> 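I have a structure here, written as structure tokens, and I will follow up with some questions on it.
Here is how names work: the chains are called A, B, and so on, in the same order as the sequence lines, proteins then strands, and each is numbered from 1. These numbers were taken from a predicted model, which means no experiment stands behind them.
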There are 2 protein chains.
Amino acid sequence: MRYIQKAEYGVPPNTSIDESDPLFVQAIARAMQVLSTFHEAGKPLTLNEIAAAGGMGKSAAQRVVHTLRQLGYIDRDADDRGYVPGIRILDHTRDYLRMNPLVARASPVLMELRRNVRERVDLSLRDGLRLVYAARLQSKRETFFATLVGQSVPIYCTSGGRAVMAHMSDAEVDEIIERSVRREITPRTITDPAAIRAKVQEARENGYALALEEILQGEIAIATALVSPDGTPLGAIHIAGSLSEWDAESFCRRFAPLAGEAAGAINRF
Amino acid sequence: MRYIQKAEYGVPPNTSIDESDPLFVQAIARAMQVLSTFHEAGKPLTLNEIAAAGGMGKSAAQRVVHTLRQLGYIDRDADDRGYVPGIRILDHTRDYLRMNPLVARASPVLMELRRNVRERVDLSLRDGLRLVYAARLQSKRETFFATLVGQSVPIYCTSGGRAVMAHMSDAEVDEIIERSVRREITPRTITDPAAIRAKVQEARENGYALALEEILQGEIAIATALVSPDGTPLGAIHIAGSLSEWDAESFCRRFAPLAGEAAGAINRF
DNA sequence: ACGAATGTATCGTACAGCGATACATTGTCT
DNA sequence: AGACAATGTATCGCTGTACGATACATTCGT
């Protein structure tokens with residue numbers, strides 16, 4: 001039995017909480033902290049690992065895990081060797097997806113788009129310095145792990161991220177670049193601030209953003225932004241293909257108009 | 001802006017918790033209770049609604065919501081009119097999906113299956129009296145809301161459920177039937193215990209289960225069970241099509257072998 | 001067979017979270 | 001417009017919950 005794929009190029013969400021907030025319930029923070037331990041895990045976890053990772057005592061971890069287990073948010077591994085996330089999580093996934101108006105509005109358009117495009121089509125939503133994939137329509141050849149709902153990627157070095165940044169002020173863009181932990185995820189990841197700004201500018205002019213192998217070797221992706229009525233960028237639509245089948249120019253010529261149309265259909269108020 | 005689709009035919013999970021458990025952390029239960037309020041909601045919720053639904057005081061709801069908001073598990077609605085589930089939920093979705101060995105093992109097989117089948121293909125996992133959809137490869141014509149990850153259906157009246165029950169003892173089957181709140185979701189939903197037992201027996205003999213419009217009008221579905229090495233049923237693979245294109249017999253003849261093969265490929269330890 | 005690491009149980013004390021209440025702000029009805 | 005109802009926000013003293021240390025049980029690894 002194998003357990004694979006931890007965070008990898010995923011981005012941890014911002015969990016910098018304000019200490020000494022009179023309304024803040026610490027027990028809840030502990031619970032979520034425990035659940036979040038799995039973000040970095042590649043295998044079922046033991047109580048001690050959870051306690052250590054959460055910076056809490058063994059007793060605290062024990063009680064939290066016990067409680068979450070009763071409620072179904074944590075399970076025992078199939079072989080009873082450790083703890084894994086529980087199925088009740090999916091109930092909340094459903095709630096999130098169906099109550100997010102952007103997802104609801106975008107989905108039919110995405111499926112229509114997928115009909116005209118034999119490549120992977122994704123919807124991502126902005127959360128701080130990252131984009132979180134909310135809906136993914138995989139192409140024929142994709143592997144499962146590359147296309148998980150909830151997967152997240154940095155804004156600074158992705159097509160979707162740059163499409164989003166294209167709808168921000170220069171100051172905001174700079175702040176994102178500044179605060180991001182930039183590293184070369186692949187050899188072709190663009191990490192230089194000036195170069196990123198240039199790509200954002202390019203996206204502004206083209207109306208779409210392009211990224212070549214910045215996250216995954218051999219992957220080409222273009223994206224267009226989804227914006228709220230007041231112009232705030234909320235997320236992006238991605239079309240991703242393989243460089244073994246496409247060169248950048250023909251990929252853009254073929255898919256940029258489609259991606260633009262799709263975004264347009266969603267963005268109308 | 002519209003917010004649609006609440007629980008409907010979804011099944012609420014079993015949250016009957018043991019009172020007076022010395023290790024039970026009530027604050028966590030409260031937090032999850034609050035998040036679970038959205039299961040039944042068709043629109044953004046107010047503080048008072050959350051408090052009332054959770055059977056707690058306004059202050060308690062206030063603190064819980066405040067905390068979950070800080071952590072990103074609850075957001076304000078786009079128009080600042082109410083509370084909605086937050087995007088951090090998706091991080092845990094990803095954890096669940098990738099750390100569940102059955103999902104991991106089944107996914108490539110599912111995609112291969114989808115390649116040979118132009119209909120919807122689903123993977124569901126058992127949780128008590130219900131099946132929870134964990135992976136869904138939609139066909140061309142599906143609407144988004146019909147194919148949400150996290151959607152759940154009762155065991156007693158679905159193809160997947162009967163495929164699962166086929167791998168249980170008669171006593172276990174009876175218990176499921178007994179404990180389920182059986183109602184006619186559609187006019188064709190089978191709710192009579194004896195009739196259900198007969199359908200289970202039929203599934204045992206055929207190696208697959210069939211359901212006709214028991215959940216959704218016009219839908220036909222067949223399913224095969226996924227079992228652990230010791231024979232315990234863990235979930236099912238579904239193939240679902242439309243009665244406007246298929247009659248029961250040809251649907252089975254065409255897809256039963258494929259569903260069986262797929263389940264077989266996954267079940268080999 | 002042994003030792004190390006796991007999950008489980010117990011218990012008195014401190015402080016976290018409870019509920020009542022009061023305030024602020026928004027939207028709605030006539 | 002003006003008043004009202006309903007929303008989210010803040011404050012505070014008391015109670016009871018969750019804390020951590022420790023001891024026990026059980027499984028795993030070698």
> How long is the line joining CG of Asp79(B) and C1' of dT26(C), in whole Å?
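That distance rounds to 14 Å.
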> Can you tell me if CZ on Arg81(B) sees more than 12 non-hydrogen neighbours from other groups inside 6.0 Å?
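Not more than 12 within 6.0 Å, no.
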> Nearest heavy atom decides the nucleotide; on that basis, is Asp80(A) or Gly57(A) closer to the 5' end of DNA chain D?
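It is Gly57(A) whose nearest nucleotide is closer to the 5' end.
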> Generate the contact string for nucleotides 3-12 of chain C. Rules: B means base contact, S means sugar-phosphate contact only, - means no protein heavy atom under 4.0 Å.
---SBBBB--
> What is the separation between atom CD on Gln26(A) and atom C1' on dA18(D), rounded to the nearest whole Å?
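It works out to 11 Å between those atoms.
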> Using a 3.5 Å distance criterion without hydrogens, assess whether the side chain of Asn100(B) forms a donor-acceptor pair with backbone atoms of Val103(B).
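A pair under 3.5 Å: yes.
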> Tell me the ring pair (Phe, Tyr, Trp, His ring centres under 6.0 Å) pairs involving residues 85-111 of chain A, sequence neighbours left out?
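For residues 85-111 of chain A, and leaving out neighbouring residues, the ring pair (Phe, Tyr, Trp, His ring centres under 6.0 Å) pairs sorted by first residue read Tyr73(A)-His92(A), His92(A)-His39(B).
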> Given atom CZ of Arg30(A) and atom P of dA16(C), what is their separation to the nearest angstrom?
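My rounded result for the distance is 10 Å.
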> For Glu172(B), what residues pass the salt bridge (Lys or Arg N to Asp or Glu O under 4.0 Å) criterion, not counting sequence neighbours?
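By the salt bridge (Lys or Arg N to Asp or Glu O under 4.0 Å) rule, Glu172(B) matches no residue at all.
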> So, does Arg136(A) use its side chain to make a donor-acceptor pair with the main chain of Leu148(A) at under 3.5 Å?
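Yes, because the side chain of Arg136(A) sits within donor-acceptor range (under 3.5 Å) of the backbone of Leu148(A).
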> Going by an N to O cut-off under 4.0 Å, is there a salt bridge joining Arg88(B) and Asp91(B)?
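Salt bridge flag = yes for Asp91(B) with Arg88(B).
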